[in-house]
Amino acid sequence: MQAIEVNHISKSYGRVQALQDVSFSVGKGEVFGLIGPDGAGKSTLFRMLCTLLLPDEGTLSVDGFDTVRQMKEIRQRIGYMPGRFSLYEDLTVEENLIFFATLYGTTVEAGYDSVRTIYSQIERFKDRKAGALSGGMKQKLALCCALIHSPSILFLDEPTTGVDPVSRMELWETLLSLKERNITIVASTPYLDEVRRCERVAFLDYGKIRGIGTSEVILEKFKDVFNPPGIDKETSDSSRQAEQNVIEVEHLVKAFGTFRAVDDISFSVKRGEIFGFLGANGAGKTTAMHMLTGLNQPTSGTGRVAGYDIRTEYEQIKRHIGYMSQRFSLYEDLTVSENIELFAGIYGMDDRKIRTKREELLRRLKFEEHKDDLVSSLPLGWKQKLAFSVSIFHEPDVVFLDEPTGGVDPSTRRQFWELIYDAAARGITIFVTTHYMDEAEYCDRVSIMVDGKIAAIGTPNELKQRFQLPDMNHVFTYLARQAKRSEQ
Amino acid sequence: MINYLIRKELLQIRRNGFLPKLVVVFPIVIMCVMPWVMNMEVKNIGVCIVDTDRNTESQRLVHRLEASNCFVFKGQQPTYEAALAEVEHGKADVILEIRNGKYLIAANAVNGTKGAMGSAYLSQIVATQTPVPSAKTTPTAETLILYNKHQSYKLFMIPALLAIVMMMLTGFLPTLNIVGEKEAGTIEQINVTPVSKRTFILAKLIPYWGMALFVVTVCLLLAWGIYGITPAGSLLLVYILAMLLAVFFSSFGLVVSNYSDTMQQAILVMWFFVVCIMLLSGLFTPTRSMPTWAYMTTYINPMHYFIDAIRTVFIRGGDFATIAHEVYALLAIGLLMALWAVQSYKKNS
Amino acid sequence: MKQFYSFVIKETRHILRDKRTMLILFGMPVVLMLLFGFAITNDVKNVRTIIVAPYLSPQAQLAVERLSASEYFTITATVPATRDAEQLIRRQQADIAIVFTHQHQNIQIVTDGTDPNMAQQWTNYAQQVIMNPSTTLINTKMLYNPQMKSAYNFVPAIMGMLLMLICAMMTSISVVREKEKGTMEVLLASPVRPLTVILAKAVPYLVMAICILVTILLMARHVLGVPLAGSLFWIIIVSIIYITLALSLGLLISNIAQTQMTALLLSAMVLIMPVVMLSGMLFPLESMPQVLQCVATIIPPRYYIEAMRKLMIMGVGIHEVSREVSVLTIMTALLLTVALAKFKKRLE
């Protein structure tokens, strides 16, 4: 008997066809990947498998039970981690875990083994409220909660969005170890290395299955979607880097009580440079960025951004920077062109200039047809491209990007990076955080933060040579594993 | 740049499927229904008569009672105890006992106003029927009622309704505004732009002032159209007062919003203050009857100034000189609150 | 059972962690009781009175002395002409004017009629004070509330409103918040029975509502001096029926609403407004037009407030309120059934 059987299911929301005649099956103990761009219908499929949605047509069976008629039996056998953060923010880490353990009729002690590798990383925060955790740590906790009762089938909807490479690797090792206990896993992910770990994958696009097979076959067959050609760094480095520093930071510290989130960091970024600001979850990246953008005051240390002091002249800094935050930061209830006009207007651009530049931008992004669409109706990748374009619309000196491509599929990410290169060529300095190590390779220079300190800084090539490692992924893993905070 | 921010606020209000409907429907429903509801007129008081004298007197009394629209005759009972049982059942409100040519009026005073008014009316009816022997010594008194000549509760309540509608719309909607942006995460994006605190807050306030203007107009038109009630004083003064109240409530809403983390918190806190402001303002009960400590709070209660002033203009037909004091007080409190709204908005921590 | 228990703990934590909301939920009853008990009264007191007398006869002199001696009236000015008095009233510097005419046999009472009820009461009191009428024929007796305190009337009303607010609004929001945050998805996909989820949500609010009920009753008895004339047992029982009803209403709202905003507005506008306006707590139902009186028959707090007024203040036995209690019970059963049947076990 197959663990999951899906027969010719279709589902539509109003006029939008979310899934169309989808059929596949997953064997017992298999690790099955669901991949495809944002809006392909992956989440809908997950919800149907978890008996949360009813199909319009077709049947689904999970562990031999029908999702429509035998809801109760299925719900006892599955674990589910939805795509968005789904814990109680006002409960502590430990309280969340205990609650979910009891929910599935087990205890934390009984299920501890299955979550040990992940939970040990967040256990030191067990008395902290879940809402106060950084993005990646929330994700880890959510995973622990879904794994604690060792279900026979596990559904994971993009479980690693916002999680750093080291933790992702550990997480997948844990998942694969579950396989020994004959647990079936269905997961969706935008990361190629994770896709490769799946035994079989189904590629979903516009609600239809485009192909099912081993990961190698699928990745090869749809190479142009998943493995777009790299970007040529043709702009010569010398022309951009001769100029003055745009960001200068010395001995910057931010402490919350006794906890030093940012612990004495110093670095500088030159005009027109693409600076990758890397670090594991909770290393202090977002805190550092908040200080540079004037959202937060440093505890000690000095810094200048675009020539202004971050302690005293933060309002002037704001005139000369752009910012795009982790959370999507456009107004969802305004249209594309209204958002552009709003932010341009805020920076004091005059009407005529806004109009001409807006048309030009829409043309460049190929958004002309969608300029009167509400932002909430756009797919995630488009939103992110738009948000970036809006953040550099007023031609700032520096633009700060906080994990701009989290959860975005490979081909859209590539387009996004083309925009970044474009901007850098125009002399805009890019300060970017990311968990994609292929993106780290695109940067002119990178720094890697570990435990609130900068552990290494240099060009990707320099770092690879210094540590004698083949790629940035290994460099990052090597440095991030030295983190000590978790043992305190 | 403020025009872009204002446009954004207006667009957001328009895009919200619920708010535009609320702004239009709410004043209409309130103005159509509430004047009938908020009616403290004492009417349909159930009277039970216990007549031990058994003469024609009680017959005539019953006729008089039925003629007045104040009372409903609920039948005769043989004894006082039986009548009391009727009161306990909730069938009657007042007992009139006639014994040896004397009258006893016993009123259910759980609702104090109703009891007092009921017994007062009833004793008037009884008194006019029975000639008072000592009439020769007492001078007759006549009553002249000013302004609200027909004793209409609607006329009394319409300015109050105007106040309530303004408070609900220009108070509660801004309360949800900033905290909503906090929950959506867009506030962070605004905080890294060079928009000044003053501009940002002002851009949030102005749409609500426009809304207030619209709401006042709707309310006044409905009062005129449905009830034929128009302000006795100058229309301009009514608008000025309403706008000043809008300044206060919209700023107050933003202050609460600035200090709150979730919408639920914001609404509850706002609700708490609104109830206190409303109850202590003299909207329903006279402020003069309050004990001194409670009366002192009316000096800082903008609603109190508003309701005093609007009733003077609307019902008593006062001119600017009669309400100057209230206008200045409202203006001062409103501006203070607006400053606080700017002050409490934190662009960085 | 263990699941249920841990659910209740979780809900309790949600409530306890939000300090500001807690403060409001427990502060509200206390403040409302104090305001209604002491500050909000319709008593005739400190009425600002003007004497209009071009010439004061000894008789008028006597009347003025009586007026100023009474606690109801405060004489603020003496003016020569009625027009001056009218001016002062318009400026809100006086409420009533007593005009002694030349014939000094007739007295004219000029009142500010803006508030019709108060105007009526002011003239009544003024007449009584001035004329000292020999009403030997008519005796008046105020039943149940001899000092005519408004608290007697308002305590049951506050109970009706607050219990509805806390149970219906807070429960609906707490369910909808889980939908909005995505946690409901996880709960539904778990083996927990939906009924457990719902009941566990209701329990902490039930406990809280009972705490608030007790606070109100204690304050009513010891601070406001309102007698709890009836049987405490039945007061509590009827209140619990009412609380259950409010909880069911909250659950119904949470089934309809998808966002917290909608739930808030639904409970505030669609629920609380009719509760305050049409339950007879502030405004007498008898004076309303027939249509509104019909609408009012389906407003649950109306029956609760009615029953509480009778049980608490009038001190009648339970059989006297059997109609109200049975209506409440039927409504509760109906709403609870609908709410549980309508609870969605899947997403939409």
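Reminder, nothing fancy here: chain letters follow the sequence lines and each chain counts from 1.
- Both the backbone and the side chain of A/D351 have a heavy atom closer than 4.5 Å to some heavy atom of chain B.
- Chosen from B/I190, B/I187, B/T199, the residue pairing most often with chain A at heavy-atom distances under 4.5 Å is B/I190.
- Using cut-offs of 30° and 60° for the angle between ring planes, the A/F431 and A/F277 rings count as tilted.
- At a 4.5 Å heavy-atom cutoff, A/L292 makes no contact with chain B through either its backbone or its side chain.
- Rounded to the nearest 0.5 Å, atoms CG (A/L141) and CZ (A/R128) are 12.5 Å apart.
- The nearest pair of heavy atoms linking A/G406 to A/T161 is C-CG2, 4.0 Å.
- Side chain of B/K182 to backbone of B/S260: a donor-acceptor contact under 3.5 angstrom is found.
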Intermediate values then yes/no, salt bridge (Lys or Arg N to Asp or Glu O under 4.0 Å), A/K383 and A/E332: CA-CA 9 Å; A/K383 287 181 189 171; A/E332 299 247 325; 3.5 Å; yes
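- Interface remark: A/H290 contributes side-chain atoms only to the contact with chain B (heavy atom separation under 4.5 Å).
- Note on A/I317, A/L334, A/I321: by heavy-atom pairs under 4.5 Å with chain B, the leading option is A/L334.
- In terms of heavy-atom pairs under 4.5 angstrom with chain A, the leader among B/N191, B/I2, B/V195 is B/N191.
- Top candidate by heavy-atom pairs under 4.5 Å with chain B, chosen from A/T293, A/N339, A/I346, A/L330, is A/I346.
- With a 4.5 Å cut-off on non-hydrogen atoms, B/R7 touches chain A through its side chain but not through its backbone.
- Ring pair A/H370/A/W382 is perpendicular by interplanar angle, where above 60° counts as perpendicular and below 30° as parallel.
- Within the 4.5 angstrom heavy-atom criterion, only side-chain atoms of A/Y314, from C-beta onward, approach chain B.
- Within a 6.0 Å radius of CZ in A/F256, other residues, nucleotides and ligands contribute more than 12 heavy atoms.
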